[in-house]
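Just so you know, residue 1 is the first one in the sequence shown, and it goes up from there. Here the structure is a predicted model, which means the values were calculated and not measured.
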Amino acid sequence: MDLALLRTFVAVHRAGSFTRAAALLGLSQPAVTSQIRTLEQQLGRPLFLRQSRGVTPTTIGDELAHKAAPHLDALVEIAETGLDEDSSLRTLHLAGPPEFTAERALPALTELTGDHGQGFALRASFGNAEETLEGLAAGHHDLAITTARPRGALLTATALCDEEHVLIADPGWASHVSGAKLRRKDAHVLENLPVVEVHESLPFVARYWASVFDSRPAASGTVIVPDLRAVLACAVTGAGLAVLPRYLCASALERGDVVALLEPAVPPLRTYFLAVRTGTLAMPHIARAHERLLLAASGWS
């Protein structure tokens, strides 16, 4: 059996689409369709059921993928290990949310670059969960950090870390509510305070309100800036209250630039996932970066 046909078959099985598999393989869609048809003729059985949106593997297709994929991944690992002696050939493409990627992921990965590291180049791009997962599926990225767990067989995700969210404001605004001994039932105390957020929909504040106060925020955004680091800067200057990841505002809290308005017994959390295309961890530079991020995340708090 032609290994090229099996490689195309596994790509289609993981992608769930001839079009997406063609993009990942650098082939035209007709070429992928032709190769799958040839393989089906050789086996005498259909491997996929064609649908309006993509394809679904038959029982035979699932069985073949289960048997063939690990061996094809092992062959890729052998080939990539042989190439890995020339570090100039390896470039890692990482995507994720701007603040988390800049503050946590990149400092961890830059230790693996340069002459004294493991010798791969690093390219980073920023985007939301949908954008990064689409780019990963299309082959534009090697690793994606996202707050959404991907579905399907094309992408594999591992929980990276949990992010605690904190309700903060500068000391001046905090004095307006300190006498209220803010509790879960006291969300109304905050309704007249200005809000700093990353979007008009108040995603961080709304999530915090739902988790802690079991309600929706009544206030609207006073300052909207599409970067959490800018939200912190505005909150420090007294622009209003904000909800931020604790890692991002920990130093400001320690300095007293801002204060936590509430410390709930069970703080709101958001989980980050580290996603790859299934099978690509056979490539040493991707595997090293994946392992390094998981190791670094074990020490994040």
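Between Trp209 and Phe204, the ring centre distance reaches or exceeds 6.0 Å.
Proximity of Leu253 to Ile168: side-chain heavy atoms (C-beta onward) are separated by under 4.5 Å at one or more points. In this structure, Leu154 and His13 have side chains that are not in contact, with every pair of non-hydrogen atoms separated by 4.5 Å or more. Side chains of Leu6 and Leu3 form a contact here, defined as non-hydrogen atoms less than 4.5 Å apart. Looking at heavy atoms from C-beta onward, Arg277 lies in side-chain contact with Asp142 at the 4.5 angstrom threshold. Counting only heavy atoms from C-beta outward, the side chains of Thr19 and Val32 never approach each other to under 4.5 Å. Side-chain contact check for Arg7 versus Leu25: some heavy-atom pair is nearer than 4.5 Å. With contacts defined as side-chain heavy-atom distances shorter than 4.5 Å, the pair Leu27/Gln35 qualifies. Looking at Pro97 and Thr101, their side chains come closer than 4.5 Å, going by heavy atoms from C-beta outward.
Not one N or O on the side chain of Thr280 forms a donor-acceptor pair closer than 3.5 Å with the backbone of Val276. A donor-acceptor contact shorter than 3.5 Å is absent between the side chain of Ser211 and the backbone of Tyr208. A distance-only check finds no donor-acceptor pair linking the side chain of Thr113 to the backbone of Leu109 [under 3.5 Å]. In this structure, the side chain of Glu197 does not engage the main chain of Val223 through any donor-acceptor pair within 3.5 Å. A donor-acceptor contact shorter than 3.5 Å links the side chain of Thr58 to the backbone of Pro46. With hydrogens and angles disregarded, a donor-acceptor distance shorter than 3.5 Å links the side chain of Thr38 to the backbone of Ser34.
Judged purely by distance below 3.5 Å, without hydrogens or angles, the side chains of His165 and Glu163 pair a donor atom with an acceptor atom.
Atom CZ of residue Phe100 and atom CZ of residue Phe126 lie 12.5 Å apart, to the nearest 0.5 angstrom. Between the OH atom in Tyr272 and the CG atom in Asp162 there is a gap of 11.0 Å [rounded to 0.5 Å]. If you take CG on Asn128 and OG1 on Thr147, they are separated by 8.5 Å, rounding to the nearest 0.5 Å. To the nearest 0.5 Å, the span separating CG on Leu241 from CG on Leu262 amounts to 11.5 Å. Atom-to-atom distance recorded for Leu112:CG and Leu92:CG is 9.0 Å, nearest 0.5 angstrom. Here the CD atom belonging to Glu131 is positioned 8.5 Å from the NE2 atom belonging to His141, to the nearest 0.5 angstrom.
When hydrophobic clusters are built by joining Ile, Leu, Val, Met, Phe, Trp and Tyr residues whose side-chain heavy atoms come closer than 4.5 Å, directly or via intermediates, Leu94 is not grouped with Phe273. Leu274 and Met283 end up in the same hydrophobic cluster when Ile, Leu, Val, Met, Phe, Trp and Tyr side chains are linked at under 4.5 Å. Cluster annotation: Leu269 and Leu261 are assigned to distinct hydrophobic clusters (Ile/Leu/Val/Met/Phe/Trp/Tyr, side-chain heavy-atom contacts under 4.5 Å, transitive). Criterion: ILVMFWY side-chain heavy atoms under 4.5 Å apart, direct or through other members. Under it, Leu106 and Leu160 are part of a common hydrophobic cluster. Both Trp173 and Val205 are assigned to one and the same hydrophobic cluster, defined by single-linkage of ILVMFWY side chains at heavy-atom distances under 4.5 Å.
Looking at every heavy atom in both residues, Leu47 comes nearest to Ile60 through CD2-CG2, 4.0 Å. In this structure, Thr278 and Ala153 approach most closely via the heavy-atom pair OG1-O, 2.7 Å. Closest approach of Ile36 to Arg50, counting heavy atoms only: CG2-NH2, 4.0 Å. Residues Ala65 and Phe9 share a closest heavy-atom pair of N-CE2, 3.5 Å. The two residues Glu99 and Leu228 make their nearest non-hydrogen contact at OE2-N, 2.7 Å. Taking both residues in full, the closest heavy atoms of Leu193 and Ala219 are given as O-CB, 4.1 Å, listed atom of the first, atom of the second, then distance.
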Pair Leu167, Leu190 - check side chain to side chain contact (heavy atoms under 4.5 Å, CB included), show working. CA-CA 11 Å; Leu167 177 63; Leu190 303 170; 3.7 Å; yes
Would you please test His93 and Leu122 for side chain to side chain contact (heavy atoms under 4.5 Å, CB included) and show each step? CA-CA 6 Å; His93 295 271; Leu122 180 60; over 6 Å; no
Run the side chain to side chain contact (heavy atoms under 4.5 Å, CB included) check on Val198 and Ile224 step by step: do they pass? CA-CA 5 Å; Val198 295; Ile224 303 295; over 6 Å; no
Run the side chain to side chain contact (heavy atoms under 4.5 Å, CB included) test on Val231 and Cys234 for me, step by step, so that the C-alpha distance in whole Å, both residues' side-chain angles and the decisive distance to 0.1 Å come before the verdict. CA-CA 5 Å; Val231 170; Cys234 292; 5.9 Å; no
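The local environment of CZ in Arg14 is crowded, with over 12 non-hydrogen atoms from other residues, nucleotides or ligands closer than 6.0 Å. In Arg53, the CZ atom is not crowded: 12 or fewer heavy atoms of neighbouring residues, nucleotides or ligands sit closer than 6.0 Å. Atom CD of Glu291 is surrounded by 12 or fewer heavy atoms from other residues, nucleotides or ligands within 6.0 Å. Counted within 6.0 Å of CD on Gln51, heavy atoms from surrounding residues, nucleotides or ligands total more than 12; the atom is thus considered enclosed. In the displayed structure, Arg270 atom CZ is contacted under 6.0 Å by more than 12 heavy atoms of other residues, nucleotides or ligands.
Using a 30° and 60° split on the angle between ring planes, His285 and Phe120 fall in the perpendicular class, above 60°.
Between Arg292 and Glu111 a salt bridge is recorded (basic side-chain N to carboxylate O distance below 4.0 Å). For the pair Arg246 and Glu263, the salt-bridge criterion is met [side-chain N within less than 4.0 Å of a carboxylate O].
A cation-pi arrangement is found for Arg104 relative to Tyr247, the charged atom lying closer than 6.0 Å to the ring centre and inside a 45° cone about the ring normal.
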